[in-house]
There are 2 protein chains.
Amino acid sequence: MDFLLQHFSDITSVPENLKQELLKRVQLHTFKRNEVIQRADRVCKRTYLVKQGLLRIYFNKDDKIITDGFAAENEWMTSAYSFMRVVPDQYEIAAIELTQAYSLSLEDLMYLFEHFHEMERFGRIVMSMQFIKQSERLNSIRFTTPKEKYEHFCNTYKYILGRVPLGMIASYLGITQETLSRVRAGS
Amino acid sequence: MDFLLQHFSDITSVPENLKQELLKRVQLHTFKRNEVIQRADRVCKRTYLVKQGLLRIYFNKDDKIITDGFAAENEWMTSAYSFMRVVPDQYEIAAIELTQAYSLSLEDLMYLFEHFHEMERFGRIVMSMQFIKQSERLNSIRFTTPKEKYEHFCNTYKYILGRVPLGMIASYLGITQETLSRVRAGS
DNA sequence: CCCCACATTTGATTCAAATCAAATAATTAG
DNA sequence: CTAATTATTTGATTTGAATCAAATGTGGGG
(Lines give C-alpha, C1' and ligand atoms only; values in the text may rest on other atoms or scores of the structure.)
Protein backbone atom coordinates (compact mmCIF):
# COMPACT_ATOMS: atom_id res chain seq x y z
CA MET A 1 0.00 0.00 0.00
CA ASP A 2 3.03 2.18 0.41
CA PHE A 3 3.13 2.55 -3.36
CA LEU A 4 -0.33 4.11 -3.49
CA LEU A 5 0.26 6.66 -0.74
CA GLN A 6 3.67 7.46 -2.15
CA HIS A 7 2.11 8.19 -5.53
CA PHE A 8 -0.31 10.66 -3.96
CA SER A 9 2.33 12.21 -1.72
CA ASP A 10 4.55 12.81 -4.75
CA ILE A 11 1.87 15.11 -6.13
CA THR A 12 0.42 16.85 -3.09
CA SER A 13 0.32 16.59 0.69
CA VAL A 14 -2.03 13.88 1.98
CA PRO A 15 -3.47 14.29 5.48
CA GLU A 16 -3.88 11.22 7.63
CA ASN A 17 -7.67 11.01 7.32
CA LEU A 18 -7.48 11.18 3.53
CA LYS A 19 -4.96 8.33 3.62
CA GLN A 20 -7.41 6.29 5.66
CA GLU A 21 -10.27 6.97 3.28
CA LEU A 22 -8.14 6.22 0.24
CA LEU A 23 -7.00 2.88 1.62
CA LYS A 24 -10.56 2.06 2.57
CA ARG A 25 -11.87 2.70 -0.94
CA VAL A 26 -9.12 1.56 -3.27
CA GLN A 27 -9.03 -1.92 -4.79
CA LEU A 28 -5.91 -3.79 -5.80
CA HIS A 29 -6.13 -5.95 -8.92
CA THR A 30 -3.85 -8.42 -10.59
CA PHE A 31 -4.34 -8.77 -14.34
CA LYS A 32 -2.91 -11.58 -16.39
CA ARG A 33 -1.02 -10.96 -19.59
CA ASN A 34 -3.56 -10.13 -22.35
CA GLU A 35 -6.44 -9.97 -19.87
CA VAL A 36 -9.16 -7.55 -20.95
CA ILE A 37 -10.09 -5.17 -18.14
CA GLN A 38 -12.63 -3.03 -19.90
CA ARG A 39 -14.82 -4.14 -22.80
CA ALA A 40 -16.21 -1.99 -25.61
CA ASP A 41 -19.84 -0.85 -25.39
CA ARG A 42 -19.79 -0.76 -21.60
CA VAL A 43 -19.47 2.00 -19.08
CA CYS A 44 -15.96 2.17 -17.69
CA LYS A 45 -16.59 1.93 -13.96
CA ARG A 46 -13.14 2.51 -12.53
CA THR A 47 -9.91 4.41 -13.01
CA TYR A 48 -6.69 2.45 -12.60
CA LEU A 49 -3.30 3.38 -11.23
CA VAL A 50 -0.62 0.98 -12.43
CA LYS A 51 1.62 -0.28 -9.66
CA GLN A 52 3.56 -2.68 -11.85
CA GLY A 53 3.16 -3.83 -15.44
CA LEU A 54 1.65 -2.20 -18.48
CA LEU A 55 -1.89 -1.42 -19.62
CA ARG A 56 -3.11 -0.46 -23.06
CA ILE A 57 -6.22 1.29 -24.30
CA TYR A 58 -7.39 0.68 -27.86
CA PHE A 59 -10.40 0.47 -30.09
CA ASN A 60 -11.55 -1.12 -33.30
CA LYS A 61 -11.63 1.10 -36.35
CA ASP A 62 -12.64 -0.55 -39.64
CA ASP A 63 -11.36 -3.91 -38.43
CA LYS A 64 -8.06 -2.46 -37.43
CA ILE A 65 -7.05 -2.18 -33.78
CA ILE A 66 -5.93 1.34 -32.98
CA THR A 67 -3.89 1.78 -29.82
CA ASP A 68 -4.77 5.00 -28.09
CA GLY A 69 -2.41 4.89 -25.15
CA PHE A 70 -0.38 3.02 -22.60
CA ALA A 71 -0.04 3.25 -18.85
CA ALA A 72 2.98 1.96 -17.00
CA GLU A 73 4.01 2.24 -13.36
CA ASN A 74 2.66 5.37 -11.65
CA GLU A 75 0.37 6.22 -14.54
CA TRP A 76 -3.42 6.38 -14.55
CA MET A 77 -5.60 4.62 -17.08
CA THR A 78 -9.29 4.79 -17.73
CA SER A 79 -11.62 5.27 -20.63
CA ALA A 80 -11.95 8.92 -19.70
CA TYR A 81 -15.14 9.95 -21.43
CA SER A 82 -16.98 6.77 -20.48
CA PHE A 83 -15.78 6.98 -16.89
CA MET A 84 -16.55 10.66 -16.35
CA ARG A 85 -19.85 10.78 -18.19
CA VAL A 86 -21.00 7.28 -17.22
CA VAL A 87 -21.76 6.30 -20.81
CA PRO A 88 -20.57 3.28 -22.82
CA ASP A 89 -17.92 3.84 -25.44
CA GLN A 90 -15.80 1.95 -27.95
CA TYR A 91 -12.58 1.72 -25.99
CA GLU A 92 -11.17 -1.44 -24.50
CA ILE A 93 -8.43 -1.69 -21.92
CA ALA A 94 -6.19 -4.71 -21.56
CA ALA A 95 -3.04 -5.73 -19.75
CA ILE A 96 -0.06 -6.19 -22.03
CA GLU A 97 1.90 -7.99 -19.37
CA LEU A 98 1.16 -9.26 -15.88
CA THR A 99 0.00 -6.11 -14.13
CA GLN A 100 -0.87 -4.96 -10.66
CA ALA A 101 -3.07 -1.88 -10.43
CA TYR A 102 -5.09 0.02 -7.87
CA SER A 103 -8.48 1.33 -8.82
CA LEU A 104 -11.17 3.72 -7.67
CA SER A 105 -14.81 3.93 -8.68
CA LEU A 106 -16.36 7.20 -9.77
CA GLU A 107 -18.51 7.27 -6.62
CA ASP A 108 -15.50 6.85 -4.36
CA LEU A 109 -13.53 9.39 -6.31
CA MET A 110 -16.38 11.88 -6.03
CA TYR A 111 -16.70 11.21 -2.33
CA LEU A 112 -13.02 11.92 -1.87
CA PHE A 113 -13.17 15.07 -4.02
CA GLU A 114 -16.16 16.24 -2.00
CA HIS A 115 -14.62 15.70 1.42
CA PHE A 116 -10.93 16.45 0.91
CA HIS A 117 -9.51 19.63 -0.50
CA GLU A 118 -6.20 17.82 -1.05
CA MET A 119 -7.89 15.13 -3.11
CA GLU A 120 -9.46 17.79 -5.27
CA ARG A 121 -6.02 19.32 -5.71
CA PHE A 122 -4.61 15.95 -6.65
CA GLY A 123 -7.31 15.57 -9.26
CA ARG A 124 -6.69 19.03 -10.67
CA ILE A 125 -2.95 18.48 -10.93
CA VAL A 126 -3.29 15.05 -12.53
CA MET A 127 -5.80 16.40 -15.06
CA SER A 128 -3.48 19.34 -15.83
CA MET A 129 -0.56 17.00 -16.42
CA GLN A 130 -2.66 14.78 -18.68
CA PHE A 131 -3.81 17.83 -20.58
CA ILE A 132 -0.25 19.01 -21.20
CA LYS A 133 0.87 15.52 -22.24
CA GLN A 134 -2.04 15.27 -24.62
CA SER A 135 -1.20 18.67 -26.13
CA GLU A 136 2.29 17.45 -26.88
CA ARG A 137 0.89 14.32 -28.46
CA LEU A 138 -1.52 16.37 -30.56
CA ASN A 139 1.35 18.51 -31.81
CA SER A 140 3.43 15.45 -32.55
CA ILE A 141 0.64 13.87 -34.56
CA ARG A 142 -0.16 17.09 -36.42
CA PHE A 143 3.25 18.42 -37.27
CA THR A 144 5.95 15.80 -37.30
CA THR A 145 7.18 13.26 -39.83
CA PRO A 146 6.95 9.52 -39.10
CA LYS A 147 10.65 9.54 -38.26
CA GLU A 148 10.25 12.37 -35.77
CA LYS A 149 7.21 10.69 -34.25
CA TYR A 150 9.20 7.55 -33.65
CA GLU A 151 12.18 9.41 -32.27
CA HIS A 152 9.93 11.39 -29.94
CA PHE A 153 8.38 8.14 -28.77
CA CYS A 154 11.78 6.62 -28.16
CA ASN A 155 12.85 9.62 -26.14
CA THR A 156 9.65 9.91 -24.14
CA TYR A 157 8.53 6.31 -23.73
CA LYS A 158 11.65 4.23 -24.12
CA TYR A 159 10.52 2.16 -21.12
CA ILE A 160 7.61 0.94 -23.28
CA LEU A 161 9.71 0.09 -26.32
CA GLY A 162 10.46 -3.61 -26.40
CA ARG A 163 7.53 -4.42 -24.15
CA VAL A 164 4.89 -4.05 -26.90
CA PRO A 165 4.67 -5.11 -30.56
CA LEU A 166 5.63 -2.39 -33.02
CA GLY A 167 2.18 -2.43 -34.59
CA MET A 168 0.76 -1.00 -31.37
CA ILE A 169 3.32 1.75 -31.35
CA ALA A 170 2.63 2.53 -35.01
CA SER A 171 -1.10 2.97 -34.47
CA TYR A 172 -0.43 4.97 -31.30
CA LEU A 173 1.77 7.28 -33.38
CA GLY A 174 -0.83 7.52 -36.13
CA ILE A 175 1.23 5.79 -38.81
CA THR A 176 1.09 2.30 -40.35
CA GLN A 177 3.20 -0.59 -39.22
CA GLU A 178 4.94 -0.65 -42.60
CA THR A 179 5.90 2.99 -42.34
CA LEU A 180 7.24 2.48 -38.83
CA SER A 181 9.27 -0.48 -40.01
CA ARG A 182 10.81 1.59 -42.80
CA VAL A 183 11.54 4.45 -40.42
CA ARG A 184 13.32 2.08 -38.08
CA ALA A 185 15.32 0.61 -40.95
CA GLY A 186 16.44 4.20 -41.49
CA SER A 187 15.44 5.05 -45.01
CA MET B 1 -19.06 41.32 -12.64
CA ASP B 2 -22.19 39.26 -12.60
CA PHE B 3 -20.88 37.44 -15.67
CA LEU B 4 -17.79 36.22 -13.86
CA LEU B 5 -19.58 34.89 -10.80
CA GLN B 6 -22.24 33.33 -12.97
CA HIS B 7 -19.56 31.49 -14.92
CA PHE B 8 -18.14 30.02 -11.73
CA SER B 9 -21.55 29.24 -10.27
CA ASP B 10 -22.47 27.35 -13.43
CA ILE B 11 -19.65 24.92 -12.67
CA THR B 12 -19.63 24.62 -8.89
CA SER B 13 -20.96 26.33 -5.77
CA VAL B 14 -19.09 29.49 -4.86
CA PRO B 15 -19.13 30.60 -1.21
CA GLU B 16 -19.36 34.29 -0.42
CA ASN B 17 -15.72 34.66 0.70
CA LEU B 18 -14.46 33.03 -2.50
CA LYS B 19 -16.59 35.48 -4.49
CA GLN B 20 -14.95 38.35 -2.62
CA GLU B 21 -11.46 37.04 -3.25
CA LEU B 22 -12.20 36.35 -6.91
CA LEU B 23 -13.51 39.86 -7.48
CA LYS B 24 -10.54 41.29 -5.64
CA ARG B 25 -8.04 39.45 -7.84
CA VAL B 26 -9.58 39.37 -11.27
CA GLN B 27 -8.80 41.97 -13.92
CA LEU B 28 -11.12 43.07 -16.69
CA HIS B 29 -9.55 43.87 -20.06
CA THR B 30 -10.81 45.28 -23.30
CA PHE B 31 -8.90 44.20 -26.38
CA LYS B 32 -9.23 45.90 -29.74
CA ARG B 33 -9.79 43.93 -32.91
CA ASN B 34 -6.45 42.30 -33.92
CA GLU B 35 -4.77 43.34 -30.69
CA VAL B 36 -2.03 40.93 -29.61
CA ILE B 37 -2.43 39.92 -25.97
CA GLN B 38 0.42 37.48 -25.63
CA ARG B 39 3.62 37.57 -27.66
CA ALA B 40 5.81 34.61 -28.64
CA ASP B 41 8.98 33.95 -26.62
CA ARG B 42 7.47 35.32 -23.45
CA VAL B 43 5.98 33.73 -20.38
CA CYS B 44 2.20 33.82 -20.50
CA LYS B 45 1.38 35.52 -17.23
CA ARG B 46 -2.38 35.26 -17.15
CA THR B 47 -5.32 33.07 -18.03
CA TYR B 48 -8.30 34.76 -19.68
CA LEU B 49 -12.02 34.15 -19.48
CA VAL B 50 -13.82 35.68 -22.45
CA LYS B 51 -16.85 37.73 -21.48
CA GLN B 52 -17.60 38.93 -24.96
CA GLY B 53 -15.78 38.63 -28.28
CA LEU B 54 -13.34 36.08 -29.63
CA LEU B 55 -9.70 35.22 -28.91
CA ARG B 56 -7.34 33.12 -30.95
CA ILE B 57 -4.13 31.28 -30.11
CA TYR B 58 -1.63 30.58 -32.88
CA PHE B 59 2.02 30.15 -33.68
CA ASN B 60 4.43 30.49 -36.53
CA LYS B 61 5.53 27.27 -38.22
CA ASP B 62 7.84 27.61 -41.22
CA ASP B 63 6.46 31.06 -41.99
CA LYS B 64 2.92 29.84 -41.86
CA ILE B 65 0.56 30.91 -39.09
CA ILE B 66 -1.06 27.88 -37.50
CA THR B 67 -4.19 28.53 -35.47
CA ASP B 68 -4.30 26.29 -32.44
CA GLY B 69 -7.58 27.35 -30.91
CA PHE B 70 -10.30 29.87 -30.30
CA ALA B 71 -12.08 31.06 -27.17
CA ALA B 72 -15.47 32.71 -27.28
CA GLU B 73 -17.84 33.77 -24.51
CA ASN B 74 -17.50 31.66 -21.35
CA GLU B 75 -14.35 29.95 -22.57
CA TRP B 76 -10.88 30.13 -21.07
CA MET B 77 -7.77 30.97 -23.03
CA THR B 78 -4.12 30.87 -22.08
CA SER B 79 -0.90 29.48 -23.44
CA ALA B 80 -1.24 26.50 -21.13
CA TYR B 81 2.28 25.15 -20.96
CA SER B 82 3.84 28.58 -20.67
CA PHE B 83 1.35 29.67 -18.05
CA MET B 84 1.56 26.56 -15.88
CA ARG B 85 5.30 26.02 -16.09
CA VAL B 86 6.25 29.70 -16.19
CA VAL B 87 8.41 29.29 -19.29
CA PRO B 88 8.33 31.20 -22.60
CA ASP B 89 6.87 29.47 -25.60
CA GLN B 90 6.03 30.06 -29.25
CA TYR B 91 2.33 30.75 -28.92
CA GLU B 92 0.71 34.12 -29.45
CA ILE B 93 -2.79 35.12 -28.43
CA ALA B 94 -4.75 37.86 -30.16
CA ALA B 95 -8.26 39.24 -30.24
CA ILE B 96 -10.08 38.51 -33.49
CA GLU B 97 -12.78 41.03 -32.70
CA LEU B 98 -13.34 43.61 -29.99
CA THR B 99 -13.18 41.50 -26.86
CA GLN B 100 -13.81 41.84 -23.16
CA ALA B 101 -12.11 39.29 -20.93
CA TYR B 102 -11.41 38.70 -17.28
CA SER B 103 -8.02 37.40 -16.26
CA LEU B 104 -6.18 35.85 -13.35
CA SER B 105 -2.45 35.58 -12.72
CA LEU B 106 -0.87 32.25 -11.78
CA GLU B 107 -0.12 33.58 -8.29
CA ASP B 108 -3.71 34.61 -7.72
CA LEU B 109 -4.98 31.35 -9.12
CA MET B 110 -2.65 29.41 -6.83
CA TYR B 111 -3.74 31.49 -3.88
CA LEU B 112 -7.36 30.71 -4.62
CA PHE B 113 -6.63 27.00 -5.15
CA GLU B 114 -4.77 26.95 -1.88
CA HIS B 115 -7.44 28.63 0.20
CA PHE B 116 -10.68 27.44 -1.34
CA HIS B 117 -11.72 23.86 -1.84
CA GLU B 118 -14.42 25.04 -4.27
CA MET B 119 -11.85 26.85 -6.40
CA GLU B 120 -9.78 23.70 -6.58
CA ARG B 121 -12.91 21.84 -7.67
CA PHE B 122 -13.59 24.48 -10.30
CA GLY B 123 -10.05 24.03 -11.61
CA ARG B 124 -10.36 20.26 -11.69
CA ILE B 125 -13.65 20.37 -13.55
CA VAL B 126 -12.45 22.94 -16.10
CA MET B 127 -9.28 20.92 -16.74
CA SER B 128 -11.35 17.74 -17.16
CA MET B 129 -13.62 19.43 -19.67
CA GLN B 130 -10.64 20.76 -21.60
CA PHE B 131 -9.10 17.31 -21.59
CA ILE B 132 -12.23 15.71 -23.02
CA LYS B 133 -12.56 18.42 -25.67
CA GLN B 134 -8.96 17.96 -26.65
CA SER B 135 -9.42 14.20 -26.92
CA GLU B 136 -12.25 14.75 -29.37
CA ARG B 137 -10.10 17.11 -31.36
CA LEU B 138 -7.23 14.64 -31.41
CA ASN B 139 -9.56 11.94 -32.75
CA SER B 140 -10.94 14.32 -35.33
CA ILE B 141 -7.46 15.22 -36.55
CA ARG B 142 -6.27 11.60 -36.57
CA PHE B 143 -9.17 9.78 -38.10
CA THR B 144 -11.43 11.96 -40.16
CA THR B 145 -11.36 13.22 -43.73
CA PRO B 146 -11.13 16.96 -44.46
CA LYS B 147 -14.86 16.95 -45.20
CA GLU B 148 -15.68 15.33 -41.86
CA LYS B 149 -13.35 17.70 -40.04
CA TYR B 150 -15.16 20.66 -41.52
CA GLU B 151 -18.59 19.22 -40.80
CA HIS B 152 -17.59 18.50 -37.22
CA PHE B 153 -16.35 22.07 -36.89
CA CYS B 154 -19.61 23.42 -38.27
CA ASN B 155 -21.60 21.33 -35.84
CA THR B 156 -19.47 22.08 -32.81
CA TYR B 157 -18.32 25.65 -33.40
CA LYS B 158 -20.86 27.17 -35.73
CA TYR B 159 -20.83 30.31 -33.57
CA ILE B 160 -17.22 30.85 -34.73
CA LEU B 161 -17.91 30.30 -38.41
CA GLY B 162 -18.27 33.61 -40.20
CA ARG B 163 -16.39 35.45 -37.48
CA VAL B 164 -12.93 34.28 -38.62
CA PRO B 165 -11.23 33.90 -42.02
CA LEU B 166 -11.37 30.37 -43.42
CA GLY B 167 -7.59 30.08 -43.42
CA MET B 168 -7.64 30.13 -39.64
CA ILE B 169 -10.22 27.37 -39.54
CA ALA B 170 -8.23 25.32 -42.05
CA SER B 171 -5.04 25.44 -39.99
CA TYR B 172 -7.03 24.74 -36.83
CA LEU B 173 -8.43 21.63 -38.52
CA GLY B 174 -5.01 20.57 -39.74
CA ILE B 175 -5.73 21.00 -43.45
CA THR B 176 -4.73 23.62 -46.03
CA GLN B 177 -6.86 26.56 -47.01
CA GLU B 178 -7.13 25.14 -50.52
CA THR B 179 -8.42 21.82 -49.29
CA LEU B 180 -10.97 23.53 -47.06
CA SER B 181 -12.14 25.62 -49.97
CA ARG B 182 -12.62 22.52 -52.11
CA VAL B 183 -14.44 20.75 -49.28
CA ARG B 184 -16.82 23.69 -48.94
CA ALA B 185 -17.40 23.77 -52.68
CA GLY B 186 -18.50 20.18 -52.18
CA SER B 187 -16.27 18.08 -54.38
C1' DC C 1 -16.72 55.59 -51.99
C1' DC C 2 -12.96 53.43 -53.81
C1' DC C 3 -8.77 51.11 -53.78
C1' DC C 4 -5.68 47.83 -51.86
C1' DA C 5 -4.57 44.34 -49.00
C1' DC C 6 -6.40 40.30 -47.78
C1' DA C 7 -9.40 36.28 -48.46
C1' DT C 8 -11.10 32.75 -51.32
C1' DT C 9 -11.40 29.87 -55.17
C1' DT C 10 -9.75 27.11 -58.90
C1' DG C 11 -6.39 24.40 -61.54
C1' DA C 12 -2.06 21.53 -62.36
C1' DT C 13 1.40 18.91 -60.32
C1' DT C 14 4.00 16.57 -56.76
C1' DC C 15 4.83 13.66 -52.99
C1' DA C 16 4.74 11.18 -48.65
C1' DA C 17 2.57 7.75 -46.68
C1' DA C 18 -1.23 4.37 -47.17
C1' DT C 19 -2.51 0.35 -49.21
C1' DC C 20 -1.86 -3.98 -51.28
C1' DA C 21 0.95 -8.05 -51.47
C1' DA C 22 4.05 -11.36 -49.90
C1' DA C 23 8.29 -13.08 -47.85
C1' DT C 24 10.84 -13.77 -43.63
C1' DA C 25 11.56 -13.78 -38.64
C1' DA C 26 10.36 -14.55 -34.00
C1' DT C 27 7.25 -16.11 -30.13
C1' DT C 28 4.50 -19.06 -27.70
C1' DA C 29 1.41 -22.64 -26.74
C1' DG C 30 0.96 -27.40 -26.83
C1' DC D 1 11.02 -29.05 -29.48
C1' DT D 2 8.19 -27.94 -33.09
C1' DA D 3 4.17 -26.31 -35.45
C1' DA D 4 1.37 -22.56 -35.73
C1' DT D 5 0.49 -18.13 -34.94
C1' DT D 6 1.92 -13.56 -34.72
C1' DA D 7 5.26 -9.93 -35.75
C1' DT D 8 8.26 -7.64 -38.83
C1' DT D 9 10.30 -6.45 -43.04
C1' DT D 10 10.46 -5.45 -47.85
C1' DG D 11 8.63 -4.26 -52.43
C1' DA D 12 5.21 -2.27 -55.89
C1' DT D 13 1.46 0.69 -56.56
C1' DT D 14 -2.09 3.98 -55.46
C1' DT D 15 -3.97 8.01 -53.59
C1' DG D 16 -5.48 12.05 -51.03
C1' DA D 17 -4.01 16.11 -49.76
C1' DA D 18 -0.08 19.38 -50.04
C1' DT D 19 2.21 22.36 -52.79
C1' DC D 20 2.76 25.53 -56.42
C1' DA D 21 0.59 28.93 -59.23
C1' DA D 22 -2.65 32.27 -60.42
C1' DA D 23 -7.20 34.30 -60.98
C1' DT D 24 -11.14 36.27 -58.72
C1' DG D 25 -13.69 38.20 -54.88
C1' DT D 26 -14.33 41.43 -50.95
C1' DG D 27 -14.33 44.55 -46.96
C1' DG D 28 -12.55 48.22 -44.28
C1' DG D 29 -9.22 52.13 -43.70
C1' DG D 30 -8.04 56.26 -45.96
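Below, chain A is the first sequence line, B the second, and so on; all start at residue 1.
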Student: dC20(C), dT10(C), dA18(C): which one has an atom nearest the side-chain heavy atoms of E178(A)?
Tutor: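 Closest of the options to the side chain of E178(A): dC20(C).
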
Student: Taking only side-chain nitrogens and oxygens of T179(A), does any of them come within less than 4.0 Å of OP1 or OP2 of dA18(C)?
Tutor: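 Yes, within the criterion.
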
Student: dG16(D) base to R182(B) side chain: any donor-acceptor pair below 3.5 Å?
Tutor: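 Answer is no: no donor-acceptor pair is held.
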
Student: With a 4.0 Å cutoff (strictly under), does any side-chain N or O of K147(A) reach OP1 or OP2 of dA16(C)?
Tutor: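 Answer no for this pair, as no side-chain N or O of K147(A) is under 4.0 Å from OP1 or OP2.
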
Student: Reckon T176(A) has a side-chain N or O less than 4.0 Å from the OP1 or OP2 of dA18(C)?
Tutor: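 Yes.
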
Student: What is the distance from CG of L180(B) to C1' of dA7(C), rounded to the nearest Å?
Tutor: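 Rounded to whole Å, this separation is 12 Å.
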
Student: Provide the closest heavy-atom pair for I96(A) versus M168(A) in the form atom of the first, atom of the second, distance.
Tutor: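 Taking every non-hydrogen atom into account, CD1-SD, 4.1 Å.
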
Student: Compute the centroid of each ring, for H7(B) and then for Y102(B), and state whether the two points are separated by less than 6.0 Å.
Tutor: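 Between Y102(B) and H7(B), which both carry aromatic rings, the centre distance is not below 6.0 Å.
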
Student: Measure centre to centre between the rings of Y172(B) and F70(B), then say whether the value is under 6.0 Å.
Tutor: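 Distance test on ring centres: under 6.0 Å, yes.
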
Student: Rounded to whole Å, please give me the gap between CD in Q177(B) and P in dA22(D).
Tutor: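 One finds 17 Å between P of dA22(D) and CD of Q177(B), rounded.
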
Student: How about S103(A) and H29(A): does a side-chain donor come under 3.5 Å of a side-chain acceptor?
Tutor: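 Note: S103(A) and H29(A) side chains meet the donor-acceptor criterion.
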
Student: With a cut-off of less than 4.0 Å, is there a side-chain N or O of K149(A) near OP1 or OP2 of dA16(C)?
Tutor: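 For dA16(C), neither OP1 nor OP2 has a side-chain N or O of K149(A) closer than 4.0 Å.
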
Student: Using whole Å, what does the distance between atom P of nucleotide dG28(D) and atom CD1 of I96(B) come to?
Tutor: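 That distance rounds to 14 Å.
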
